[in-house]
Amino acid sequence: MQKLWCWRCKMEVTMLDEDEYAIAYDLYGKMIRNTSASSREERNKDIVDYYFNLTGEMDTNPNSIIHHRIALYGPPCENCGKPYRTAKASFCAACGHKRDLNI
Ligand SMILES: [Zn+2]
Ligand SMILES: [Zn+2]
């Protein structure tokens, strides 16, 4: 895991690497298929607990947890250090820095 700026949440969050994401994704799938839970909290519990135990951060929104995947984001901007929105982004959405994709 790694702390990265999330442009969706507009704050720094702990993001999951591919091994951690694989587990979270599995829990997310089980959550989707779980139609017997009596409440949203109970349905979300496994993935929320997993993220909390891993990162020490409480995020009760599984959709938010699942988009905090390091591989979804680009490398850090050379100018401001925030990650590009995607690996192929041609400019930084945070500061407007134009990226030289030929580096
Ligand atoms: Zn986010
Ligand atoms: Zn930037």
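Read the numbers this way: they start at 1 and go in the same order the structure lists the ligands and their atoms. Since this is a predicted model, take the numbers as computed values, not measurements.
- Listed by chain and number, Cys77 SG, Cys80 SG, Cys92 SG, Cys95 SG are the protein N/O/S atoms closer than 2.8 Å to the Zn ion (ligand 2), with waters left out.
- In the hydrophobic cluster analysis, where Ile, Leu, Val, Met, Phe, Trp and Tyr join through side-chain heavy atoms closer than 4.5 angstrom, Phe91 is grouped apart from Leu72.
- Remark: the backbone N or O of Ile66 is not paired with any side-chain donor or acceptor of Tyr51 at under 3.5 angstrom.
- Take the Zn ion (ligand 1) as the corner point: the lines to SG of Cys6 and to NE2 of His67 open at 100°, to the nearest 10 degrees.
- For the pair Cys6 and Tyr73, the tightest heavy-atom approach, listed with the atom from each and the gap, is SG-OH, 3.4 Å.
- Annotation for Tyr25: atom OH does not count as buried by contact number, only 12 or fewer foreign heavy atoms lying within 6.0 Å.
- Here the side chain of Arg69 pairs no donor or acceptor atom with the backbone of Leu16 at under 3.5 angstrom.
- Rounded to the nearest 0.5 angstrom, Ile65 CD1 and Tyr28 OH are separated by 10.0 Å.
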